[in-house]
Trainee: 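Sharing a structure, written as structure tokens. Questions coming.
The figures that follow rest on heavy atoms only: side chains count, while hydrogens, waters and symmetry mates do not. Residue numbers begin at 1 in each chain, while the letters A, B, ... track the order of the sequences.
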2 protein chains.
Amino acid sequence: MSTVEKAISLLNFFTEDAPEWGLSELARQAQFDKATTRRLLVALANSGLIEQHTVTRRYQLGAGLLRLARVRESHFPLLQVAVPVLRDVAAATDETVHLSEFGGRGLVTLHVEESTKANRVSVAVGQTLPLHATASGIAFLAFSPPQLAKSYLRKSLTAFTRHTLVQPARLDDAIKAAAEHGYSRGEQGYEDGVFSIAAPILGLDGYALGSIAIAMPQSRSTKATTERHIQAVRGAAQAISTRLFGEQPAPRQARVA
Amino acid sequence: MSTVEKAISLLNFFTEDAPEWGLSELARQAQFDKATTRRLLVALANSGLIEQHTVTRRYQLGAGLLRLARVRESHFPLLQVAVPVLRDVAAATDETVHLSEFGGRGLVTLHVEESTKANRVSVAVGQTLPLHATASGIAFLAFSPPQLAKSYLRKSLTAFTRHTLVQPARLDDAIKAAAEHGYSRGEQGYEDGVFSIAAPILGLDGYALGSIAIAMPQSRSTKATTERHIQAVRGAAQAISTRLFGEQPAPRQARVA
DNA sequence: TGTCCATGGATCATTTTTTGATCCGATAGT
DNA sequence: ACTATCGGATCAAAAAATGATCCATGGACA
């Protein structure tokens, strides 16, 4: 891990639940030496991505992030476009709907609209979703560049539940099915009792840039809800792509004749 | 400049006017070697702060910034709180109002509400304001920790116009006046023809964390508008502090008896 | 169609930076 | 008063970063 990656990995410890950290506790959590951690924090502070309280000496995320986030959304308004769509789907289905985007850290959750029901699926913003064990991941793989999917299949696949697809042949089958149908189903592959339907959000190149998924307790799933959710995520994914890029060419799938 | 600072400095080239960069052009602009620039961009991409287009190979800011910005605002809602206040002041005065915060990169502009008049002052978000040459800077210095102001006065002060306060004694006088009155006046110190009134926004420690300013063409300034603007920025700064921190103790100034 | 130029990208000897064990002063808790 | 933990500083050793040079590719132009 390069020095830059080390420094930025520190930023990822700051969450809504833990918005402030002392030096020593962050070093412990990050498993970096205290001196190293401090040097990295000082560099981040000098660059405006971190701020240190003058009194408590604790660290928080800095205002420099706000400008960068604004530039990002101004140019590529994924959240601005997707959040209303997710809200609509969550309102229509009363289930948890979440958006994820594929990047340097894998398929990362960007936004979640939770169901109002007490018995609901919770997903954390910032969480990385394993590609083989989630509906979002499989939907993404089904419409990703062929060699990304191919190299993923060669990796050692972690089992999260006894339903996780850890055999490459079975994962490949699921990817093919998703490519054919335009959506994927996640049947307790990442967590027992959770059922999901996901669709890929396509970019200008025709490949998936991320996914949108509806997640619910398995016990609440029926054939009727499944059909409705399939329609909803496919429609939502299409709406997000269209609003971001306009009408587009056919998707380019991992599998092609 | 550390490697981490170098990497993050690349992020700052991404603006609303230049949201995408190719490798070679960014290297030229940053005055880094192309190989160095690429390594830094790859590290940023691996961390989700930068994304590279699969087709054009150009770089843009990454979605990882969105989550971090959200955590920051969730914990310290400076923009969320301040933007409505800036809008109110801009509506009431019909002049440009801008917010800046002091951090690792100095006093950086976070938000601007421009006047609707054709003849208006424009300020760029992200721009660093020189402390000695702007009303915001002087307001900030007047309520900053004593040794910050003291060490700033020892620096070589750049002249931006013939009105810029480059003599330490005169800057010190302006700081003292601002400390006494609770606001500062910027009379063409940074740009000819621009007149500003600024007030410090105080943090929990009683020191300034940033400033709010009203900027207008000098030619439009009258004694009456100046009085109104003084009231407006002081009220706005107070409102922002109170909403962020609640009622607070007396300000701690650079100068104390 | 061929040439030229600029692109993004890779390499590795050399240079520079980073690292972390150790020590320090300060503060809080007992 | 003592102990533990904090944030912070130092510097010999270790590791990473650097950038000159080379490469393949694609676009512009004649």
Side-chain angles (χ1 to χ4, degrees), chain A residues 1-14 18-47 49-62 103-104 145-148 151 203-207 252, chain B residues 1-14 18-47 49-62 103-104 145-148 151 203-205 207:
Chain A
M1 194 188 274
S2 75
T3 304
V4 172
E5 288 166 353
K6 270 183 164 179
I8 297 165
S9 74
L10 290 179
L11 296 178
N12 295 322
F13 286 99
F14 293 84
E20 287 186 12
W21 290 80
L23 170 62
S24 300
E25 69 185 321
L26 183 56
R28 272 196 303 277
Q29 198 68 31
Q31 293 193 309
F32 291 160
D33 185 87
K34 192 157 58 72
T36 299
T37 305
R38 180 170 186 272
R39 250 189 336 273
L40 297 174
L41 286 172
V42 166
L44 291 167
N46 287 344
S47 305
L49 299 195
I50 278 275
E51 286 168 8
Q52 187 180 26
H53 287 284
T54 48
V55 174
T56 63
R57 316 302 293 163
R58 290 166 76 77
Y59 295 88
Q60 68 174 31
L61 292 173
Q147 82 199 60
L148 194 156
S151 71
L204 271 178
D205 54 6
Y207 289 122
R252 295 167 74 187
Chain B
M1 194 186 273
S2 75
T3 304
V4 172
E5 288 166 353
K6 269 184 166 179
I8 297 164
S9 75
L10 289 179
L11 295 179
N12 295 323
F13 285 98
F14 294 84
E20 288 187 14
W21 290 81
L23 170 61
S24 301
E25 69 186 320
L26 183 54
R28 268 195 307 275
Q29 196 69 30
Q31 293 191 309
F32 294 160
D33 186 88
K34 193 156 57 73
T36 299
T37 304
R38 180 168 187 274
R39 255 190 330 275
L40 297 175
L41 287 171
V42 166
L44 291 166
N46 287 344
S47 305
L49 299 196
I50 278 274
E51 287 168 7
Q52 188 181 24
H53 288 282
T54 48
V55 175
T56 63
R57 318 301 291 164
R58 292 168 72 80
Y59 295 88
Q60 70 174 30
L61 292 173
Q147 79 200 60
L148 194 155
S151 72
L204 271 179
D205 55 5
Y207 289 124

Trainee: Nearest of dC6(D), dT7(C), dT18(C) to any side-chain atom of R28(A)?
Mentor: dC6(D)
Trainee: Compare the minimum distances between each of dT18(C), dG9(C), dA20(D) and the side chain of R57(B), then state the nucleotide with the smallest one.
Mentor: dG9(C)
Trainee: Please evaluate the base of dG20(C) for a donor-acceptor partner in the side chain of K34(A) within a cut-off of under 3.5 Å?
Mentor: no
Trainee: T3(A) side chain N/O closer than 4.0 Å to the phosphate oxygens (OP1, OP2) of dT17(C)?
Mentor: no
Trainee: Closest nucleotide of DNA chain C for S24(B) versus for R39(B): which of these residues is on the 5' side?
Mentor: S24(B)
Trainee: Please state whether the phosphate of dT18(C), meaning OP1 or OP2, lies under 4.0 angstrom from any side-chain nitrogen or oxygen of K6(A).
Mentor: no
Trainee: Please name the pair of heavy atoms, one in L40(A) and one in K6(A), separated by the smallest distance, quoted to 0.1 Å.
Mentor: CD1-CB, 4.0 Å
Trainee: Which residue lies toward the 5' end of DNA chain D, S2(A) or G22(A), if each is placed at its nearest nucleotide?
Mentor: G22(A)
Trainee: Nearest 0.5 angstrom please: L61(B) CG to E20(B) CD, how far?
Mentor: 10.0 Å
Trainee: Would you mind classifying the nucleic acid contact of Q52(A) as base, sugar-phosphate or nothing, using non-hydrogen atoms under 4.0 angstrom?
Mentor: sugar-phosphate
Trainee: Let's see if you can work this out: which of dG9(C), dC6(D), dT18(D) has an atom nearest to the side-chain heavy atoms of R38(B)?
Mentor: dG9(C)
Trainee: Which one, dT10(D), dT19(C), dG7(D), comes nearest to the side chain of A35(A)?
Mentor: dT10(D)
Trainee: Can you tell me how far C1' of dA13(D) sits from CG of D33(A), to the nearest Å?
Mentor: 14 Å
Trainee: Using a strict 4.0 Å threshold on nitrogen-to-oxygen distance, state whether R58(B) and E25(B) make a salt bridge.
Mentor: yes
Trainee: Between L41(B) (CG) and dT18(D) (P), how many Å, whole number?
Mentor: 12 Å
Trainee: Of the options dA17(D), dT18(D), dG9(C), whose atoms approach the side-chain atoms of Y59(B) most closely?
Mentor: dG9(C)
Trainee: Given dG9(C), dT19(C), dT18(D), which nucleotide is nearest the side-chain atoms of L23(B)?
Mentor: dG9(C)
